[in-house]
Colleague: 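Please find one structure pasted underneath; my questions will follow.
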Amino acid sequence: MIGVTLRDDGGKVVAETASRLGQRDAARVSETVARMMRLGDDLAPFYAKVAADDALRWAAAGAGRMLASPTVFEDVVKTICTTNCSWSATTRMTEALVALGGGAFPEPDVLASTPDRWYRGVARMGYRGPYVKAIANDVVSGRLDLESLFVRDGRSDEDVEATLLALPGIGPYAAAHVMQMLGRHRHLVLDSWTRPKYLRLTRKRRAADRSIRHAFSRYGEHAGLAFWLFLTRDWVSEG
DNA sequence: CGTCCAGGTCTAC
DNA sequence: GGTAGACCTGGACGC
């Protein structure tokens, strides 16, 4: 495990470590940081789309690079830990996982060999424990290659979505969420946080998922990103 | 104390 | 294809 500190240097991301790294480790660190900050995504087409958009023009200043985990596996597991529970429960489960990993998120082989009683008794993950362990097992055995989902090798959104939906504990919400982390922004993340927030911002009394999707359909492959930025504009001071 | 629900999903109709 | 119930957990709330 390598401790890395990130800082902003006039618009550039600088990753620093306590001691000098070899070429191999240095390459791994920059590769990981690039994935976490989605530096490989070209958002210019999205920015061009919102240029004439009163609600989202602000985003063209450089918004929309949502922080991802170092691995797809980590994003999948963390996302399962957001389902059907409070945010405090999500952070508690995630903290337990990181403690298990000795300060870093545990590798699949660690999660695969961790006894069920740890999931239940220590992490308090409830029914999610078996889901996570099953996914870890499939990754370790090679039946499942989650990291390949990060590579934009011409694989369609539908294909990636189907792979994610096939995982235990991953439904429509979780698949859309992980896909955002993969730079696939077509699907809207619809859940018990985004739905009410949308109603509040639009001053609507109610809105079916179908009509929310329709409201953002004009953003095409960026509909999910547009939805998310619409909802989180108030997170950015210079809105 | 019981009930409800939180950044849902699964199974069985 | 759509819907009803069950599901770990724990915090909020009413009684």
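For clarity, every value in this text was computed on a predicted model and none was experimentally measured. Computation of the quantities below employed the complete heavy-atom set of this structure, encompassing side-chain atoms and omitting hydrogens, waters and symmetry-equivalent molecules. A, B, ... follow the sequence lines: proteins, then strands. Residue 1 opens every chain.
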Colleague: Give the rounded distance in Å between these two atoms: CD1 of A:Ile135 and C1' of B:dT9.
Modeller: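 Checked: the CD1 to C1' distance equals 12 Å.
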Colleague: Within this structure, what is the CE-to-C1' distance between A:Met93 and C:dG11, rounded to whole angstrom?
Modeller: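 Going from A:Met93 (CE) to C:dG11 (C1'), I get 13 Å.
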Colleague: For A:Thr32 and A:Pro70, indicate whether the former's side chain and the latter's backbone hold a donor-acceptor pair under 3.5 Å.
Modeller: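 Side chain of A:Thr32 to backbone of A:Pro70, a donor-acceptor pair under 3.5 Å: no, none is there.
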Colleague: I need the CZ-P distance between A:Arg128 and B:dT9, as an integer number of Å.
Modeller: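 Result: 11 Å.
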Colleague: For B:dC5, give its Watson-Crick or G-U wobble partner with both distances under 3.5 Å, or none.
Modeller: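 Partner of B:dC5: C:dG10.
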Colleague: Calculate the interatomic distance between A:Phe227 atom CZ and B:dG7 atom P; express it in whole Å.
Modeller: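 Atom-to-atom, A:Phe227 to B:dG7, this comes out as 15 Å.
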Colleague: Can you check whether any acceptor in the base of B:dG8 is under 3.5 Å from a donor in the side chain of A:Tyr127, or vice versa?
Modeller: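 It does, because a donor-acceptor pair links the side chain of A:Tyr127 to the base of B:dG8 below 3.5 Å.
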Colleague: If I pick the C1' atom on B:dG7 and the same atom on C:dG2, what distance separates them, to the nearest angstrom?
Modeller: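 24 Å, rounded to whole Å.
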Colleague: Checking side-chain contact (heavy atoms from CB on, under 4.5 Å) against A:Glu221, which of A:Arg184, A:Arg186, A:His185 comes through?
Modeller: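 Of the listed residues A:Arg184, A:Arg186, A:His185, the side-chain contact (heavy atoms from CB on, under 4.5 Å) partner of A:Glu221 is A:Arg186.
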Colleague: Could you work out the separation of C:dC8 and B:dC1 based on their P atoms and round it to a whole Å?
Modeller: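 Their P atoms lie roughly 23 Å apart.
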Colleague: Would you mind classifying the nucleic acid contact of A:Arg195 as base, sugar-phosphate or nothing, using non-hydrogen atoms under 4.0 angstrom?
Modeller: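 Nothing, no heavy atom under 4.0 Å.
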Colleague: In the structure shown, which nucleotide is the Watson-Crick or G-U wobble counterpart of B:dC13, with both distances under 3.5 Å?
Modeller: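 Matched B:dC13 with C:dG2 under the 3.5 Å cut-off.
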Colleague: Roughly how many Å is it from CG in A:Asn84 to C1' in B:dA6, rounded to a whole number?
Modeller: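 After rounding, the gap between these two atoms is 7 Å.
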Colleague: Can you tell me the distance, in whole Å, between the CZ atom of A:Arg120 and the P atom of C:dC7?
Modeller: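 After rounding, the gap between these two atoms is 15 Å.
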Colleague: Write down the distance separating the C1' atoms in B:dA6 and C:dC7, rounded off to the nearest Å.
Modeller: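 It works out to 14 Å between them.
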Colleague: Mark yes or no for whether A:Asp42, through its side chain, and A:Ala44, through its backbone, hold a donor-acceptor pair below 3.5 Å.
Modeller: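 Present.
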Colleague: Please list residues of residues 163-190 of chain A whose heavy atoms come under 4.0 Å from any atom in DNA chain B, ordered by number; otherwise none.
Modeller: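 Heavy-atom contacts with DNA chain B come from A:Leu167, A:Pro168, A:Gly169, A:Ile170, A:Gly171, A:Pro172, A:Tyr173, A:Ala174, A:His177.
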Colleague: In this structure, how many angstroms lie between the C1' atom of C:dC7 and the OH atom of A:Tyr119, rounded?
Modeller: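 One finds 19 Å between C1' of C:dC7 and OH of A:Tyr119, rounded.
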Colleague: Please classify the nucleic acid contact of A:Thr194 as base, sugar-phosphate, or nothing, using heavy-atom distances under 4.0 Å.
Modeller: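 Nothing, no heavy atom under 4.0 Å.
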Colleague: Does B:dG7 have OP1 or OP2 sitting under 4.0 Å from an N or O in the side chain of A:Ser86?
Modeller: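 Checking A:Ser86 against B:dG7: no side-chain N or O falls below 4.0 Å of OP1 or OP2.
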Colleague: For atom P, what is the distance between B:dG8 and C:dG1, given to the nearest Å?
Modeller: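 Looking at atom P only, B:dG8 and C:dG1 are 25 Å apart.
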Colleague: Go through B:dT9, C:dT9, B:dC10 for me and flag the one nearest to the A:Arg124 side chain.
Modeller: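 Shortest atom-to-atom distance from the side chain points to C:dT9.
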Colleague: May I have the distance from A:Asp191 (atom CG) to B:dT9 (atom C1'), rounded to whole angstrom?
Modeller: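 Checked: the CG to C1' distance equals 13 Å.
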Colleague: Output, in order, the C-alpha distance, side-chain angles, deciding distance and verdict of side chain to side chain contact (heavy atoms under 4.5 Å, CB included) for A:Val139 and A:Leu111.
Modeller: CA-CA 10 Å; A:Val139 169; A:Leu111 287 180; over 6 Å; no
Colleague: When you look at A:Arg65 and A:Asp41, which way does the salt bridge (Lys or Arg N to Asp or Glu O under 4.0 Å) test go after all the steps?
Modeller: CA-CA 8 Å; A:Arg65 295 183 190 281; A:Asp41 286 1; 5.3 Å; no
Colleague: Over all heavy atoms of both residues, which pair between A:Ala52 and A:Arg57 is shortest? Give the atoms and the distance, please.
Modeller: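 It is C-NH2, 4.1 Å.
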Colleague: Counting heavy atoms from C-beta on, name the nucleotide in C:dG10, B:dC10, B:dG7 closest to the side chain of A:Thr82.
Modeller: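 In terms of side-chain proximity for A:Thr82, the closest of C:dG10, B:dC10, B:dG7 is B:dG7.
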Colleague: Write down the distance separating the P atoms in C:dG11 and B:dT9, rounded off to the nearest Å.
Modeller: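 These two P atoms come out 23 Å apart once rounded.
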Colleague: Ring centres under 6.0 Å, that's the criterion: do A:Trp58 and A:Trp235 meet it?
Modeller: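 No, ring centres 6.0 Å or more apart.
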Colleague: Out of curiosity, does A:Val76 fall in the hydrophobic cluster containing A:Val140 (side-chain heavy atoms, cut-off under 4.5 Å, transitive links)?
Modeller: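 Different clusters.
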